[in-house]
Number of protein chains: 2
Amino acid sequence: MVKITDVARRAGVSPSTVSYALSGKRPISDATRRRVQAAVHELGYRADAGRVRAGRGSKVLALAVPMRPGIHVPVMTRLAVSVVTAARAHDHDVLLLTQGDGEEGIGRVAETGLADAVIVTDVQLHDPRLPLLRSRSLLSVPIGVPAEPEGLTCVDLDFRAAGELCVEHLARLGHRVVALVGSPPEVYVRRTAFARRLVEGFTSAADRHRLTSAVHPCGTGREDARALTERLLRELPALTAVVVHNEPLLDPLTDAFERLEVRIPGDLSLTAVCPAPVAAAARLPLTSVAVPSAELGARAVRLLMRKLSGAPVPGATLLPPRLTERASTAPRGV
Amino acid sequence: MVKITDVARRAGVSPSTVSYALSGKRPISDATRRRVQAAVHELGYRADAGRVRAGRGSKVLALAVPMRPGIHVPVMTRLAVSVVTAARAHDHDVLLLTQGDGEEGIGRVAETGLADAVIVTDVQLHDPRLPLLRSRSLLSVPIGVPAEPEGLTCVDLDFRAAGELCVEHLARLGHRVVALVGSPPEVYVRRTAFARRLVEGFTSAADRHRLTSAVHPCGTGREDARALTERLLRELPALTAVVVHNEPLLDPLTDAFERLEVRIPGDLSLTAVCPAPVAAAARLPLTSVAVPSAELGARAVRLLMRKLSGAPVPGATLLPPRLTERASTAPRGV
DNA sequence: TTCACCCGTCGAAGCGCTTCGAAACCGCTT
DNA sequence: AAGCGGTTTCGAAGCGCTTCGACGGGTGAA
């Protein structure tokens, strides 16, 4: 194994100079740096990984994305990309954790110092990872707000307000019977924070406006969509509006309504909660509340950087939802 | 961070004893070992990422996913997830690189030894990253086969064979005029390896079977789909079959054909090249050649591990394509 | 009882690297 | 010629860990 002293000898400098030349932690003259780099290259030197990060600050962030059934893959992808981009802007790299529950991964990363902070996604109301996140040994920013967010620095879209906003939009259009077509049941069973919050907002706004409302979790397949539409029409014959919080179901659902001769927005108004591009590119452009995945990722990174630098950070950041009208909603009975 | 001396103190032994108890390199009495293990457990000690790992190797893999316009996001996501899963099975973590061109990221990772190997995606025929990948200083596995794959360990679906397979399937069904609806133009401008290879296969098979053929890159929007379908019907009135290698366009395209009263598969047979789940879940289940993203990721990791262990590896692995018949193809004129 | 002989343990040295403090050097001004 | 501020480089100490050599105290044989 070629070591730093070999490089130093070859470059005619001391080991410490090589160390600084490679890490950039102290200024090194251009000439010397070039000689060191040449030596590194010629000898094929590679820093002994362990020690490199002995001094704290590995310049690595972990991103925990539990790939659980029912999560919205495109949302997660956008999030991941924005996190990496933002992290790079702060000279950090991103380690991707996708473990089933993520607990093991986060622990490992914290203990070994592989990463010096972690962004956690798909937060549940009573997330088993919370104790770990609250522990002093690891800085973290959850994207999602658990039941008791004390001691955490959370970021998320205000899903409660998003649910309310959808209902208010529909109520304003004169609709009196609304349904929420939600994510797959397992998402609620896990008590995923954002899904639950949306339901809360939806229900409370519906009550406030004295609307008849129903909530239906739903799988993502075409069969699921078909079954649900039939059931909705049967159980709620007066239904004229739905809110859909289930990205992959959007297309199958509009399709299923179409087959049942239910026109959108003529007979039924549809509001989606999904990333803006998805809503805009749908077969029928959908009125939607945007899930700003990219912004969430960028904000999470920004907060983490502030925490790393020791600056004070807000307890929780809830982005206000924004509704964009497109072609899938209309006043009732027009 | 809890260190070996903490454990030693807790167990009432010397650090060296702890080291031996954990590594098993010298006999340690059962009683002592048990006390050490208890202390380790209570304090949550994890060996500092340096020495335990046999000296070399950071146990981190980099995955370079250039997020360029026109790439197939779901394919990349599947790939990323499978890479992380496979890497974890080999006790490695995954660093996500998404830089524009990826060159800088790969270089950085190689220089700093942050990762000890890298998986490269979205390979172009003349990829600027190739010199870096060929250099001795970094182990790599490109997913994709450049024009000159010498000295590399590539993995990919055999896209040339995939193109041929689609054409042969259609030819066997009696179709005489076929079109390839490709990825967005920028993908070809970059000379992305897999896209170019598919075109080659498509064209050469069409020529071999004396079919009339045409190749059309196409954007991913509904407008693009609409414009393209009209153009196809105008320029190739005898067209009865298309191959689509453009995942996000699948739905808009079938939709556009529908609007022009072109029935699938009655008037037109459609074969897709995309991940199997996408084809199976489409509104009309599509006959397709599967892009096995998950398997590609797993294979790439396996190869990388072999390289890391110094074992010999094959030069290139080309997975044979498999075509699955679904509801979008039929014999001509039925 | 004495003596080899292990087994289990310890102390200390060493590994490759980082990092702190200080020395050496540079081109200027006095 | 000496002094100065700034940059660049070095030497030495230290990090958490492994590993070598040696020590102590039991054992069985003489």
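Below, each value reflects all heavy atoms present in this structure, side chains not excepted, and no hydrogens, waters or symmetry copies. Below, chains carry the letters A, B, ... as their sequence lines are ordered, and counting in each starts from 1.
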Original post:
B:Ile4 has an atom CD1; how far is it from atom C1' of C:dC15, in whole Å?
Top reply: 15 Å
Taking side chain to side chain contact (heavy atoms under 4.5 Å, CB included) as the test, write out the residues that go with [X], two or more places apart.
X        : answer
B:Pro314 : B:Leu303, B:Arg306, B:Thr317
A:Pro146 : A:Val123, A:Leu130, A:Pro149, A:Leu152, A:Cys154
B:Arg302 : B:Arg299
B:Arg9   : B:Thr5, B:Asp6

Could you give the side-chain donor-acceptor pairs of residues 75-86 of chain A under 3.5 Å, partners two or more places apart or in another chain?
residue	atom	partner	partner atom	Å
A:Thr77	OG1	A:Val73	O	2.9
A:Thr77	OG1	B:Thr77	OG1	3.1
A:Ser82	OG	A:Arg78	O	3.3
A:Ser82	OG	A:Leu79	O	2.9
A:Ser82	OG	A:Ala294	O	3.2
A:Thr85	OG1	A:Val81	O	2.8

**OP:** Could you tell me which residues satisfy side-chain hydrogen bond (donor to acceptor under 3.5 Å, both in side chains) with A:Arg33, sequence neighbours excluded, listed by chain and number?
**Re:** none
Original post:
Under 4.0 Å between a side-chain N/O of A:Lys25 and OP1 or OP2 of C:dT19, yes or no?
Top reply: yes
Original post:
Nucleotide by nucleotide, 5' to 3', does protein get under 4.0 Å of the base (B), only the sugar-phosphate (S), or neither (-) in nucleotides 7-13 of chain C, counting heavy atoms?
Top reply: -SBBB--
Subject >> side-chain contact (heavy atoms from CB on, under 4.5 Å) assessment of B:Thr32 paired with B:Arg35 >> reply: CA-CA 5 Å; B:Thr32 308; B:Arg35 258 185 307 137; 3.7 Å; yes
Subject >> Bend angle of the helix from C:dT1-D:dA30 to C:dT30-D:dA1, from helix axes over five pairs at each end, nearest 10° >> reply: 50°
Subject >> For A:Glu148, all residues meeting salt bridge (Lys or Arg N to Asp or Glu O under 4.0 Å), sequence neighbours excluded >> reply: none
